[in-house]
Protein chains: 2
Amino acid sequence: MAKTANRAYSRYTREAVELLAVMIREARIERKLPAKELAERAGISRGLLQRIEKGDPNCSLGAVFEVAYLLGIRLFDSDERALASTLVMSKEKLSLLPKMARKPARGVDDDF
Amino acid sequence: MAKTANRAYSRYTREAVELLAVMIREARIERKLPAKELAERAGISRGLLQRIEKGDPNCSLGAVFEVAYLLGIRLFDSDERALASTLVMSKEKLSLLPKMARKPARGVDDDF
DNA sequence: TTTAAGTGCTCTATTTATAGATCATAATTT
DNA sequence: AAATTATGATCTATAAATAGAGCACTTAAA
């Protein structure tokens, strides 16, 4: 009852994942950092780093983000302070929204 | 011999993952899209979507990116055409770099 | 206020990701 | 050209992720 199997990703997703992979490999090579060493710093195996740099979408988000971070790649705010406050603001905004997503019966505002 | 275990993420990574999670939940609620429906569209289970919106770093990169994409969240270029060309350029740049990361013997250019 | 839908949790079976080791090959340095 | 390091690939055991279902509770619509 698991059948995770072959997922169908959108083209955007596929390219975004691959771009991130290429950016990572680029940054690593530019910094002359051997895969083995980067993997150790990130707390992952060399094999996993290899998959990440290959653009495997089945790698864990945390591992990929951590590797990117160690190489100086910032997906959101470039400094931690800014990211922290952005996060706080987003949480506040979220708290103001309704807690459930319910479609108003039928008729209007539906995304066909 | 797997012992994947508890990884230690940097603060930046933790916050980046959580921010993405909040952005996703925000976008979903704003669009009045029930979790069940979004999960179906993304080809994942409702349980996984729940973990994604909770900021679990152990979710697969592809699943998270796909959900974000479906909600209109673009981590890189906003339109697919731009992303595609960015990807091509990045690949070209990568092809010009040395293929291995080797540290020049000893002495200079080391990132301590 | 009633009612139905959405959500959050938990549990289990199963698939899949990951670590770790090894080996052959390729790419740099010297 | 020789030496050495980095990489890519493969294999195995194990841990972890995921699907799917069920259930109580909450929320918002009517």
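Values in this document were obtained by computation on a predicted structure and should not be read as measured data. The figures that follow rest on heavy atoms only: side chains count, while hydrogens, waters and symmetry mates do not. Numbered from 1 within each chain, the chains take letters A, B, ... in sequence-line order.
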Do B/Tyr69 and B/Glu80 get their side chains close enough for a donor-acceptor pair, meaning under 3.5 Å?
->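 Distance-only check passes for B/Tyr69 and B/Glu80.
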With a 3.5 Å cut-off and no angle check, do the side chains of B/Asp77 and B/Thr86 form a donor-acceptor pair?
-> yes
At less than 4.0 Å, is any side-chain N or O atom of [X] found next to OP1 or OP2 of [N]? Yes or no.
{"X": "A/Arg102", "N": "C/dT3", "value": "no"}
{"X": "A/Lys54", "N": "D/dA9", "value": "yes"}
{"X": "A/Arg28", "N": "D/dT7", "value": "yes"}
{"X": "B/Asn58", "N": "D/dA17", "value": "yes"}

Mapping A/Arg46 and A/Asp56 to their closest nucleotides on DNA chain C, which lands nearer the 5' end?
-> A/Asp56
Please figure out whether B/Glu53 or A/Ser60 has its closest DNA chain C nucleotide nearer the 5' end.
->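 Nearer the 5' end of the strand: B/Glu53.
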Is [X] salt-bridged to [Y], cutoff N-O under 4.0 Å?
{"X": "B/Glu66", "Y": "A/Arg7", "answer": "no"}
{"X": "A/Lys93", "Y": "B/Glu30", "answer": "yes"}
{"X": "B/Glu18", "Y": "B/Lys54", "answer": "no"}

Among D/dT18, D/dG8, C/dG8, the one nearest any side-chain atom of A/Arg25 is D/dG8
Strand contacts (DNA chain D) in residues 93-101 of chain B, 4.0 angstrom heavy-atom criterion = B/Met100, B/Ala101
Please work out which residues in residues 9-24 of chain B have a non-hydrogen atom less than 4.0 Å from an atom of DNA chain D and list them by number.
-> none
Looking only at atom types and distance, does a side-chain atom of B/Arg51 sit under 3.5 Å from a main-chain N or O of B/Asp56, one as donor and one as acceptor?
-> no
Would you check if the side chain of B/Arg28 reaches a backbone N or O of B/Leu71 as a donor-acceptor pair within less than 3.5 Å?
->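 Flag not set: sc B/Arg28 to bb B/Leu71 has no pair under 3.5 Å.
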Which whole-number value in Å describes the distance from A/Leu61 CG to D/dT18 P?
-> 10 Å
